[in-house]
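One structure below.
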Amino acid sequence: MSAIFSLIRRDLALAWRRASEIVAVLIFFVLAIVLFPLGVGPDLAVLSRIAAGTIWVAALLAAMLSLDRLFLPDHDDGSLDLLMASPLSLEAIVLAKCCAHWLVTGLPLIVCAPVLAILMNLPWEGFATLVLAMALGTPTLSLVGAIGAALTVGVRRGGTLVPLLVLPLVIPVLIFGVGAVDGAVAGASVSGQLMILAAALLVALVLAPFAAAAGLRLAAE
Amino acid sequence: MFAGLGFSLGSGEALVLRGPNGSGKSSLLRLLAGLLRREAGTLTWNGEDVDDDREAWRVVFAFAGHADAVKPLLTVRENISFWAEIAGAGTARVSDALARFAIAPLAEVPARFLSAGQRRRTGLARLVAAPRTLWLLDEPSVGLDADATESFAALMAEHRAGGGMIIAATHIELGLDDATNLVLG
Amino acid sequence: MASILHRFANPARFMRLSAILLPWAVGITLLTLVAGIYLALFASPADYQQGETVRIMYVHVPAAWMALFVYGVMAAASAVGLIWRHPLADMAARVASPIGAGFTFVALVTGSLWGQPMWGTWWVWDARLTSVLILFFLYLGHMALADAFDDATKGARAAAILALVGVINLPIIHFSVDWWNTLHQPASVVRGGGPSIAAEMMWPLMTMALAFKTYFVTVLLLGMRAEVTAAKLRALRRTQVAAATTVAAV
């Protein structure tokens with residue numbers, strides 16, 4: 001168990017020491033949002049109508065950008081081989097790396113989201129739900145993204161393939177994430193949407209490590 | 001890839017894999033390390049089939065492949081400590097490993113400043129920091145100068161004298177003259 | 001189970017079997033296709049509301065069914081390939097994928113054509129069309145992944161894992177798209193494929209569905225035969241390279 005924490009700590013240390021990579025993803029998130037007012041015009045009523053959707057879409061795209069770093073560096077320098085030959089189970093290794101990945105990319109997105117919600121004129125009623133829904137949804141993005149990253153780790157330029165593989169699979173997170181925020185803005189109960197997001201997270205927690213591990217084993221052969 | 005391959009190794013013994021490039025020396029080592037699937041045949045340790053308890057098998061060997069698995073952003077000590085912790089051995093023997101591979105002065109240096117030989121030694125230092133009975137080595141001396149190679153040969157002899165076993169793919173003489181040779185390809 | 005499957009794992013045996021089956025498959029496909037088109041175009045009534053354009057349904061609905069059916073076959077073949085390491089199963093999944101994508105594309109285009117006279121636009125985001133569109137992307141991803149590997153066997157296996165993940169996700173995606181659709185209530189859903197179809201419309205529909213299924217089997221057999229030959233070529237090339245290397249070493 002302490003070995004798992006060592007892995008998480010190492011991934012966090014590596015991310016911290018090359019923080020520019022994480023910041024780049026965050027800047028992409030903000031930039032993507034900023035493009036919308038520039039594209040659809042500054043009418044606050046229109047922006048507030050599309051706020052929830054655009055924030056979530058931008059979050060999905062930013063998450064896709066960051067998946068490259070999940071397995072590729074370890075695969076390239078032989079660390080993945082050593083991890084697979086270690087006493088740790090590959091599924092546990094995948095979970096540990098997803099955890100570190102979320103802490104480094106998902107969490108900053110969640111923290112940034114309220115600022116972007118202001119930019120997009122999201123009504124106040126939606127803010128708390130936005131943060132909560134993203135807290136439930138972004139780990140799922142990391143986990144399902146890990147499947148795509150694992151399947152393409154041995155492929156040349158696999159990074160460009162990952163969004164194509166992962167985005168269709170995370171559409172439910174998008175739909176219910178936006179549904180929750182829009183519901184909160186409308187004053188309706190959103191416990192249903194949040195529970196579905198939570199359920200999706202649980203399913204991903206259980207199944208994604210196995211699929212990702214299978215992909216990593218394939219790449220090691 | 002392989003067919004009709006058989007060997008056995010006892011305590012203190014060494015096996016050297018020989019053969020031309022592409023004959024499968026690396027693949028055989030990876031297969032022993034569990035990274036490649038075995039389609040047929042059995043692998044036993046102390047009479048027990050390795051497949052029956054893979055967890056138990058993974059704490060028997062240490063694997064050192066072509067790549068060093070050294071992270072440029074971590075210091076030498078952090079790199080070695082990480083692998084020791086992953087192997088479940090804790091950090092008790094890390095200082096020992098640093099001394100043994102003559103990289104103690106570099107302990108707090110980030111690995112990106114190291115030369116190729118120093119990086120190799122940092123990678124191999126795992127073998128001392130997390131002691132294992134069987135060493136699976138794929139061209140361990142690549143990148144090492146003559147002194148370092150001699151040192152490593154001495155380390156291997158010590159390991160065998162203490163009952164350890166070595167399976168190595170190598171072109172260089174590493175003091176393994178009395179080892180069994182397995183020619184592939 | 002494994003032994004039954006492995007009796008059919010031999011590529012040479014597959015080539016022999018498929019050579020026998022293929023003429024029959026082609027024959028049945030042509031027959032059912034001709035019958036289906038005749039029934040669809042001539043022997044069935046026009047809809048009192050939509051007029052003649054309802055006939056597009058006889059292509060659109062079976063195509064949408066096939067899009068799902070082929071994904072199911074692909075997932076099943078992938079599972080067999082992963083669990084029992086059956087070489088032909090991986091191949092079958094890989095060959096089925098573009099066929100499924102083709103059906104999906106046909107469903108999307110015919111859906112658009114069917115709806116245009118009614119909606120006045122070429123596309124609406126109703127639940128079924130949106131689900132089929134997402135399915136299209138799942139197919140494209142599957143094809144892209146299988147193609148991206150230098151080693152075709154690895155590519156087929158990676159795609160197999162993706163197909164299984166996709167098949168688990170499909171009901172979730174369908175459920176969420178349905179929910180999303182009811183939330184936003186766009187233009188009326190293109191009817192058809194539900195129990196409200198008149199009996200006279202059932203016959204052409206089912207015939208076309210059967211025709212599409214046999215078409216799938218025909219093209220699958222053809223594709224797998226091509227894959228088996230391609231695999232043989234790759235193996236030949238590998239031995240050629242190995243022979244050249246050993247000669248050079250001497």
Side-chain angles (χ1 to χ4, degrees), chain A residues 1-24 69-97 99-101 104 150 153-154 210 213-221, chain B residues 1 26-27 29-39 53-75 77-91 110-112 119-120 122-124 126-127 129-130 132 134-136 138-139:
Chain A
M1 195 54 193
S2 68
I4 293 288
F5 283 122
S6 298
L7 181 55
I8 298 179
R9 269 201 318 270
R10 182 202 74 156
D11 273 12
L12 290 176
L14 286 172
W16 177 253
R17 292 180 197 187
R18 190 148 284 161
S20 59
E21 280 181 20
I22 295 105
V23 172
R69 320 175 36 260
L70 192 52
F71 296 123
L72 206 52
D74 283 339
H75 175 261
D76 287 344
D77 70 9
S79 300
L80 204 52
D81 280 347
L82 288 183
L83 284 171
M84 286 175 66
S86 78
L88 297 174
S89 88
L90 194 51
E91 288 77 13
I93 292 169
V94 168
L95 269 177
K97 293 187 71 68
C99 180
H101 179 262
V104 156
V153 76
F210 288 99
L216 291 177
R217 283 192 194 102
L218 186 63
E221 283 186 11
Chain B
M1 189 174 227
S26 295
S27 300
L29 287 168
R30 289 174 70 85
L31 190 145
L32 292 171
L35 298 172
L36 280 185
R37 249 180 72 109
R38 214 175 341 116
E39 306 282 338
D53 192 349
R54 299 194 143 254
E55 311 257 309
W57 171 238
R58 295 217 208 116
V59 297
V60 165
F61 68 84
F63 174 72
H66 282 298
D68 298 320
V70 168
K71 292 287 181 194
L73 290 172
L74 299 179
T75 68
R77 180 186 294 276
E78 285 170 336
N79 269 296
I80 302 173
S81 303
F82 171 69
W83 289 115
E85 285 168 3
I86 291 292
T91 48
R112 67 180 183 275
R119 247 204 313 276
R120 193 86 179 125
T122 307
L124 291 172
R126 252 185 294 126
L127 296 169
R132 293 280 201 254
L134 170 64
W135 289 359
L136 301 171
D138 197 349
E139 308 280 357

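Since the structure is predicted, the reported quantities are computational estimates derived from the model, not experimental observations. In the text below, chain A, chain B and the rest are named by the order of the sequence lines, each starting its count at 1. The figures that follow rest on heavy atoms only: side chains count, while hydrogens, waters and symmetry mates do not.
- Interface remark: B/Arg119 contributes no atoms to any contact with chain A (heavy atom separation under 4.5 Å).
- For B/Arg38, the CZ atom sits in a packed shell: over 12 heavy atoms of surrounding residues, nucleotides or ligands are nearer than 6.0 Å.
- Between chain A and the residues B/Trp83, B/Phe63, B/Trp57, the most heavy-atom pairs under 4.5 angstrom are made by B/Trp83.
- Heavy atoms of A/Leu80 lying under 4.5 Å from chain B are absent altogether.
- Between chain A and the residues B/Glu55, B/Arg126, B/His66, the most heavy-atom pairs under 4.5 angstrom are made by B/Arg126.
- The cationic atom of A/Arg10 (NZ for Lys, CZ for Arg) lies less than 6.0 Å from the six-membered ring centre of B/Phe82 and within 45° of the ring axis.
- Neither the backbone nor the side chain of A/Ser2 comes within contact range of chain B, judged by heavy atoms closer than 4.5 Å.
- When heavy atoms are compared at a cutoff of 4.5 Å, A/Arg9 approaches chain B solely by way of its side chain, counted from C-beta outward.
- Listed options B/Lys71, B/Glu85, B/Arg37 were ranked by heavy-atom pairs under 4.5 angstrom with chain A; first place goes to B/Lys71.
- Annotation: side chain of A/Asp77 is not in contact with side chain of B/Val70 (no heavy-atom distance under 4.5 Å).
- Under 3.5 Å, the side chains of B/Thr122 and B/Asn79 contain no donor-acceptor pair of N or O atoms.
- Listed options A/Ala3, A/Ser79, A/Ala220, A/Ser86 were ranked by heavy-atom pairs under 4.5 angstrom with chain B; first place goes to A/Ser79.
- Nearest heavy atoms, B/Leu35 versus A/Ala85: CD2-N, 4.4 Å.
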Residue pair B/Glu139, B/Arg120: steps toward the salt bridge (charged side-chain N to carboxylate O under 4.0 Å, His left out) verdict = CA-CA 11 Å; B/Glu139 308 280 357; B/Arg120 193 86 179 125; over 6 Å; no

